[in-house]
There are 2 protein chains.
Amino acid sequence: MTNQKKPTKTTLQTLAGKLGISKTTVSLVLKGDGDRYRISRKTQQRVLECAEKEGFVPDFLARALATNKTATIGIIFPDVHESFMSEMLKGIESVFYESDYSLMISTSGFDTEIEDRNIRQMLHKKVDGLILVPYVPIARNNYKHSYMKLLSKTDCPFVFADRLPENAGSLNWIIQDDFEAAEKAVCLLFEKGCRSIGCMSFNLSTSSINNRLEGFKSGIEGCGLPLSSRSIILLDRQDPHSDDITGRLLRDNSLRTEYDGLLITTGGLAHKTGYLLRKALPADKVPVIAKFGRDPDYFDTGMIQIIQPNVNMGIAAARVLLDKILNRDRSPIQKILKSRIIDIGEKNEEKCN
Amino acid sequence: MTNQKKPTKTTLQTLAGKLGISKTTVSLVLKGDGDRYRISRKTQQRVLECAEKEGFVPDFLARALATNKTATIGIIFPDVHESFMSEMLKGIESVFYESDYSLMISTSGFDTEIEDRNIRQMLHKKVDGLILVPYVPIARNNYKHSYMKLLSKTDCPFVFADRLPENAGSLNWIIQDDFEAAEKAVCLLFEKGCRSIGCMSFNLSTSSINNRLEGFKSGIEGCGLPLSSRSIILLDRQDPHSDDITGRLLRDNSLRTEYDGLLITTGGLAHKTGYLLRKALPADKVPVIAKFGRDPDYFDTGMIQIIQPNVNMGIAAARVLLDKILNRDRSPIQKILKSRIIDIGEKNEEKCN
DNA sequence: TTGAAAGCGCTAACAC
DNA sequence: GTGTTAGCGCTTTCAA
């Protein structure tokens with residue numbers, strides 16, 4: 001009834017007091033190192049029982065301060081809306097769940113300053129490792145990620161996923177086979193009879209997009225088709241109300257009619273383009289479209305889909321990071337995961353939610 | 001060249017030493033309390049400069065241990081794939097970004113034990129607050145969330161979002177107007193000429209679904225239509241390969257033909273149903289569908305959409321939580337946010353990604 | 001105005 | 001086998 005505000009949280013000290021032994025012994029036993037330090041079975045037993053009875057849980061912050069470890073992983077995404085975020089996250093979670101790590105997540109909302117700040121914040125909060133999906137601003141060719149300097153001098157292990165910043169040659173990363181996937185998609189379009197194949201993309205100077213464009217070119221050449229200045233359509237704006245795909249398609253007549261096949265490097269752009277073309281052209285004039293990204297469940301777009309290994313990318317990134325955290329070996333690990341191409345009408349497992 | 005391993009991290013102590021004053025003074029000044037403690041302007045100036053020069057950053061864990069605050073918010077989602085997660089997250093982030101909080105996120109993957117564990121873990125990690133989107137297992141009518149006990153005895157403020165567990169009457173929560181939205185959607189179907197309106201839903205005993213079902217009934221009665229045992233179709237499985245919508249639609253002929261309007265309580269289910277019905281029936285026999293959830297960009301489903309205020313729900317939940325964290329007032333805050341109904345063919349802002 | 005010192009609760013090197 | 005003790009780096013009360 002008096003100032004019993006504090007239910008006197010059970011601490012190591014409390015336990016030690018109750019048992020009449022020292023904090024050290026208790027700590028050792030509770031960590032499972034009892035045998036290694038040859039603490040008598042009897043003592044161990046008593047400690048365990050008492051801890052159980054008192055519902056002792058070691059204070060996280062105190063331990064973290066002492067060990068400088070937080071069992072927390074930081075993850076930086078460019079944006080929440082990218083559908084691959086949830087898939088990657090699933091993969092990442094599945095790995096870290098086992099080891100009792102928590103995930104601290106932040107998105108940069110397409111703003112490099114925020115991205116920078118978020119990375120700084122995570123390092124400040126002492127995450128044990130970092131998974132980074134870098135954001136690359138559109139149409140700035142020589143953009144340098146300012147956080148690269150920060151990262152270069154941190155002890156905290158990190159791994160890039162999906163796309164790379166500049167100079168990532170000797171760092172850890174997991175990406176997908178953008179080049180090969182684009183190449184194959186072009187071949188598939190060719191097999192379907194397309195002879196005037198174009199490629200449409202946002203003009204992002206990031207590795208994944210670059211690789212897709214290169215893969216496209218290689219595919220075109222591999223099929224013996226000509227490559228012209230009109231083969232690749234680069235969009236400089238993501239804003240639908242300005243000089244982007246809508247405007248281009250409406251103004252440039254030939255753009256609407258000169259292709260019988262189109263490789264589109266991102267899903268959203270593909271859906272929009274498909275939507276516009278279907279509106280603008282008679283059905284038999286709409287080019288065959290191949291695109292990166294999976295269609296939403298239960299919507300048949302009639303496009304060739306390049307399915308990216310997002311869940312696996314998450315798993316791989318998490319595993320690499322865990323390895324770097326646990327082992328002192330800092331030699332870079334780099335992986336390229338395979339995509340899968342789903343042909344038009346090919347059976348795509350159905351999901352329900 | 002020698003054992004200079006440690007670049008001797010700058011600490012309060014270091015600074016104090018360099019300046020020839022005490023830690024206290026430095027700490028006070030750096031926290032901005034210099035004036036309040038009437039520390040001389042000159043000293044303050046010196047401290048600030050020195051801290052700047054040395055690039056001093058207070059150690060997060062040490063401060064957290066001392067203050068028992070982590071500037072971290074825990075968020076529990078049932079699953080990453082629910083599209084509303086990314087929208088809510090956007091809202092939540094927008095609020096906490098300002099105040100320099102980090103977000104620790106975990107998903108329970110439709111498993112109540114994991115959900116429980118995750119909450120426990122977040123409390124253990126000393127999050128300053130918790131946003132919970134509870135998972136409710138399908139078809140278990142009397143399910144009790146075991147974490148309610150845990151929460152009842154924690155000091156950590158928390159707020160429920162989107163749906164409520166049992167006994168949430170006196171807790172903080174933000175939900176949406178499921179009842180009214182369902183009711184209105186039914187009226188809209190009626191206005192469109194539907195006279196045999198059914199409702200299809202997963203059989204989840206959670207507040208949001210219950211409210212939608214009640215809203216449906218109320219709407220039906222409001223329109224003067226009869227309510228029969230066949231008005232509501234409850235599905236007990238989410239597994240598409242078992243006795244769920246697919247099976248029901250294929251086996252039960254009348255199910256396919258007895259409705260001219262359908263209210264469906266979740267987006268994924270609606271898309272699947274629409275897909276199946278369009279396949280099974282001639283176009284003029286497919287019932288008009290109203291459903292919760294927004295269609296994917298650039299896909300016209302021809303359904304009435306009930307757009308839920310997900311971003312705002314995130315914002316509201318975050319604000320409430322922040323308020324509870326900063327103020328000692330613990331009286332519950334509860335809000336119901338409005339949904340918006342988009343009629344078939346109504347212009348829906350287009351996005352590009 | 002400023003400083004000393006007692007925490008916060010745990011870890012780990014070292015002593016007995 | 002078990003205990004002592006010095007950190008980890010910051011906050012905060014109290015005294016000067």
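Per chain, numbering begins at 1; letters A, B, ... match sequence-line order.
In this entry the distance linking CD of A/Gln13 with P of C/dC8 reads 10 Å, nearest Å. Summarising the geometry, the separation between CG on A/Leu65 and P on C/dA12 is reported as 12 Å, rounded to the nearest angstrom. If you take CG of B/Leu30 and P of D/dG9, they are 16 Å apart, rounded to a whole angstrom. Computed from coordinates, the A/Asn68 CG to D/dC10 P distance equals 12 Å when rounded to whole Å. Rounded to an integer number of Å, the gap from NZ of A/Lys42 to P of D/dT2 is 10 Å. Taking atom CG on B/Asp59 and atom P on C/dC10, their separation rounds to 18 Å, with Å as the unit. Atom CG in B/Leu12 sits roughly 7 Å away from atom C1' in D/dG9 (whole-Å rounding). Following rounding to the nearest Å, B/Lys23 (NZ) and D/dT11 (C1') show an atom-to-atom distance of 9 Å.
Here D/dG1 is the nucleotide among C/dT2, D/dG9, D/dG1 with the atom lying nearest to any side-chain atom of A/Ser40. Residue B/Ala62 has its side chain nearest to D/dG9 when only D/dT4, D/dG9, D/dT11 are considered. Among the nucleotides C/dT11, C/dG3, D/dT4, the one closest to any side-chain atom of A/Ala66 is C/dT11.
At a threshold of 4.5 Å between non-hydrogen side-chain atoms, the residues B/Ile333 and B/Lys324 count as touching. Side-chain contact between B/Val127 and B/Cys156 is present, with at least one heavy-atom pair separated by less than 4.5 Å.
Contact between the side-chain N/O atoms of B/Thr11 and the OP1/OP2 oxygens of D/dC8 is not found at any separation under 4.0 Å. In this model, the phosphate group of D/dT2 is approached by a side-chain N or O of A/Thr43 to a distance below 4.0 Å at OP1 or OP2. Listed pair B/Arg63 / D/dT11 meets the phosphate criterion, a side-chain N or O lying under 4.0 Å from OP1 or OP2.
The aromatic rings of A/Tyr147 and A/His145 are tilted relative to each other, their planes meeting at an angle between 30° and 60°.
Using a 3.5 Å distance cut-off with no hydrogens or angles, the side chains of A/Thr24 and A/Ser27 do not pair a donor with an acceptor.
Using a 4.0 Å heavy-atom distance criterion, A/Phe60 is classed as making no nucleic acid contact. As judged by a 4.0 angstrom heavy-atom cut-off over every strand, B/Ile21 is placed among residues touching the sugar-phosphate backbone only.
Of the charged side-chain nitrogens involved, none lies within less than 4.0 Å of a carboxylate oxygen, so that A/Asp323 and A/Arg319 do not count as a salt-bridged pair.
Side chain B/Thr25 to base C/dT1: no donor-acceptor pair is found below 3.5 Å. Applying the 3.5 Å distance criterion, the base of C/dA4 shares a donor-acceptor pair with the side chain of B/Thr24.
Remark on DNA chain D: of its neighbouring residues B/Ser27 and A/Gly20, the 5'-side contact belongs to A/Gly20, judged by nearest-heavy-atom nucleotide.
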